[in-house]
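Working notes, structure below.
Order of the sequence lines sets the chain letters (A, B, ...), proteins ahead of strands, with each chain counted from 1.
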2 protein chains.
Amino acid sequence: MITSTEEDYIKAIFNISQSGKRELVGTNQIAERMSTTAASVTDMLRKLNHKELIVYEKYKGVKLSPMGTMQAMSLLRKHRLWESFLVEKLDFAWDEVHDIAEQLEHIQSNDLVNRLDKYLGYPKFDPHGDPIPDAQGTITIRNQIVLSTMEVGNGGLVVGVKKHDKDFLNHLNQVGINIGTELELTHKYPYDQSIKVKIDNSEEALLSSEVCENIYLKKIR
Amino acid sequence: MITSTEEDYIKAIFNISQSGKRELVGTNQIAERMSTTAASVTDMLRKLNHKELIVYEKYKGVKLSPMGTMQAMSLLRKHRLWESFLVEKLDFAWDEVHDIAEQLEHIQSNDLVNRLDKYLGYPKFDPHGDPIPDAQGTITIRNQIVLSTMEVGNGGLVVGVKKHDKDFLNHLNQVGINIGTELELTHKYPYDQSIKVKIDNSEEALLSSEVCENIYLKKIR
DNA sequence: AAATATTTTTAGATTTGTCTAAATTTATTT
DNA sequence: AAATAAATTTAGACAAATCTAAAAATATTT
Ligand SMILES: [Mn+2]
Ligand SMILES: [Mn+2]
Ligand SMILES: [Mn+2]
Ligand SMILES: [Mn+2]
């Protein structure tokens, strides 16, 4: 048995190790992600280690064990399937679903998640373009580049976003960018790394480097 | 803020006071329903009383306050809408949904439950025939009688069941009774209050008094 | 009305997840 | 390499929800 608090820690460890470069995740990183104290994290790490969900050496840092990784996949699967349900079936916007999915992912029932998967038509990606692990925990990998690394003159389709917070997604809504939007890079300003893009072959928009670093594209030319 | 444990106690108090005759609910009744000890219940009653969700006098028993009743309605609404979703959309059987809904009812989001309601087409009753409170907490009352009180020669449509446990619902499945099934009472055995019914105008079945006391009918003649 | 039985509450512990403050270890500077 | 800074762990405490055993209140029986 794993508690939903433990599940949240597992997910935090997975997310941090995905986004960062180092293999081992630090106590303070987890504390910041979970909005808690380093002391609380140490307590929990001891517990997760005892349950063999993580590999942990005092002062060295932590990584998920094979069992922990499976748990993380199961959680991502549930989180992303529920987000897909909320957007596809209940007409939520992509910036409204994260907090609700954060609760729904803890519902315990394998039957439920598999039926939900079937009901949604076995989607491969969630409303933010993140891959949905299948029932075996396997993830579809997609060819994608970060917008900030693209050259002037090239273009692509928006397939995902790196950040999921309301403020960022809302900004994209305002600019007119969503999953599936076509972008063509028309100009780069070296001074602050901001860029100009043509959106769906019509209006142009200026995007800050902050924004460019958080948008994934599938190149089309 | 109300915790999901508190929510479960509120629901237990509501359910007990509905099924029983007395207005006030006792500590032991709650303890049995919640599979916990009387001491734990007393602790929680003090807490719920402090939050003004119940009206509580030491040793006297307890009832829901107006605020507590509202909370109970909100919970029933969520529980029953989720059960409807599981059966209508995910093809669960009516005897498989209770435990999952027991978890889903604690998800916090008014927007979610109202969108779910709309998505399901504003159903008035759940898969067990229980009324679903609307967004204002109002319940549709239905004309129904308990099968055990019906006279020989009369008939009706099954509109609900009093118990929700797997074993009981499974038994009904085996006999061929579900919501909407037509029953005609053909014989009563005074010895043990068991009865014979004609199901959907074809086969006959024998039902024990235990079963008859837990089936609600809408009389058709 | 007294004795007995039942129900309910209190007292004192336990587990889980959390916190602050202090101590320890590791990393970085000088 | 010593000093300083940063990261991490330990110590000790707290709130929530639970438990067992004992005490107190209420209900029932004689
Ligand atoms: Mn999310
Ligand atoms: Mn997502
Ligand atoms: Mn139910
Ligand atoms: Mn029901």
Side-chain angles (χ1 to χ4, degrees), chain A residues 1-13 15-17 19-64 68 71 75 102-103 105-106 108, chain B residues 1-13 15-17 19-64 68 71 75 102-103 105-106 108:
Chain A
M1 256 297 79
I2 185 169
T3 70
S4 65
T5 311
E6 289 166 352
E7 287 184 334
D8 283 332
Y9 275 95
I10 293 288
K11 202 160 54 104
I13 293 168
N15 285 332
I16 295 166
S17 71
S19 61
K21 41 233 76 182
R22 292 186 308 157
E23 199 201 355
L24 293 182
V25 172
T27 304
N28 273 338
Q29 290 179 285
I30 301 171
E32 194 188 7
R33 173 74 59 120
M34 304 274 302
S35 303
T36 185
T37 62
S40 301
V41 173
T42 302
D43 289 344
M44 182 56 83
L45 291 185
R46 216 190 318 271
K47 215 170 100 189
L48 293 175
N49 187 50
H50 186 253
K51 289 195 179 183
E52 299 187 324
L53 292 164
I54 59 175
V55 179
Y56 171 53
E57 256 191 289
K58 264 168 66 167
Y59 293 104
K60 297 296 180 187
V62 79
K63 67 175 182 182
L64 293 181
Q71 268 293 337
L75 273 166
E102 207 59 40
Q103 301 177 62
E105 70 190 358
H106 299 294
Q108 305 276 6
Chain B
M1 256 297 79
I2 184 168
T3 70
S4 64
T5 311
E6 289 166 352
E7 287 185 334
D8 283 332
Y9 274 95
I10 292 289
K11 203 160 53 104
I13 294 167
N15 284 332
I16 295 166
S17 71
S19 61
K21 41 234 78 186
R22 292 188 308 159
E23 200 202 355
L24 293 181
V25 173
T27 304
N28 272 337
Q29 290 179 284
I30 301 170
E32 196 189 7
R33 173 74 60 122
M34 303 275 300
S35 304
T36 185
T37 62
S40 302
V41 173
T42 302
D43 290 343
M44 181 56 85
L45 291 184
R46 217 191 317 274
K47 215 170 101 189
L48 293 175
N49 187 50
H50 186 252
K51 289 194 178 184
E52 299 187 326
L53 292 164
I54 59 174
V55 179
Y56 171 52
E57 255 190 288
K58 262 167 68 166
Y59 292 105
K60 298 295 180 189
V62 78
K63 66 175 182 182
L64 293 180
Q71 268 293 337
L75 273 167
E102 207 60 40
Q103 301 177 62
E105 70 190 358
H106 299 294
Q108 306 275 7

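- Rounded to a whole Å, the CD atom of A:E32 is 11 Å from the P atom of D:dA7.
- Look at CE on A:M44: it is 11 Å from P on C:dC19, rounded to the nearest Å.
- Per the geometry, CG belonging to A:L48 stands 13 Å off C1' belonging to C:dT16, to the nearest Å.
- For C:dT9, the OP1/OP2 oxygens have a side-chain nitrogen or oxygen of B:T27 closer than 4.0 Å.
- Residue B:T42 places at least one side-chain N or O closer than 4.0 Å to OP1 or OP2 of C:dT9.
- Within the structure, every pair that satisfies the salt bridge (charged side-chain N to carboxylate O under 4.0 Å, His left out) test and touches residues 36-45 of chain B, not counting sequence neighbours, is listed here: B:D43-B:R46.
- Following rounding to the nearest Å, B:D43 (CG) and C:dA13 (P) show an atom-to-atom distance of 15 Å.
- Under 4.0 angstrom from either OP1 or OP2 of C:dT9 there lies no side-chain N or O belonging to B:R46.
- Straight-line distance from the CG atom of A:L45 to the P atom of D:dA7: 16 Å, rounded to whole Å.
- For B:T37, whose side chain is taken as the heavy atoms from C-beta onward, the closest listed nucleotide among C:dC19, D:dT8, D:dC19 is D:dC19.
- Between A:N28 and D:dT8 there is a side-chain N or O to OP1 or OP2 distance below 4.0 Å.
- Between B:Y9 and D:dA16, a side-chain N or O to OP1/OP2 separation shorter than 4.0 Å is absent.
- For B:Q103, the side chain to side chain contact (heavy atoms under 4.5 Å, CB included) partners at least two apart in sequence or on another chain are A:I107, A:Q108.
- Residues passing the side chain to side chain donor-acceptor pair (under 3.5 Å) test with B:N49: none are found, sequence neighbours excluded.
- If you measure from atom CD of B:E6 to atom P of D:dT18, you get 10 Å, rounded to the nearest angstrom.
- Side-chain contact between A:I30 and A:Y9: present, with at least one pair of heavy atoms (C-beta onward) separated by less than 4.5 Å.
- Side-chain contact check for A:V62 versus A:I16: every heavy-atom pair is 4.5 Å or farther apart.
- Straight-line distance from the CG atom of A:D8 to the C1' atom of C:dT18: 14 Å, rounded to whole Å.
- Contacts between residues 53-62 of chain B and DNA chain D, defined by a heavy-atom separation under 4.0 Å, are made by B:Y59.
- Taking the side chain of A:T5 as heavy atoms from C-beta on, and the options C:dA11, C:dT18, D:dT18, the nearest nucleotide is C:dT18.
- Atom CZ in A:R22 sits about 10 Å away from atom C1' in D:dA7, given to the nearest Å.
- For A:K51, the side chain to side chain donor-acceptor pair (under 3.5 Å) partners at least two apart in sequence or on another chain are A:E6.
- Looking at residues two or more places apart in sequence or on another chain, you find a side chain to side chain donor-acceptor pair (under 3.5 Å) between A:K11 and A:E102, A:E105.
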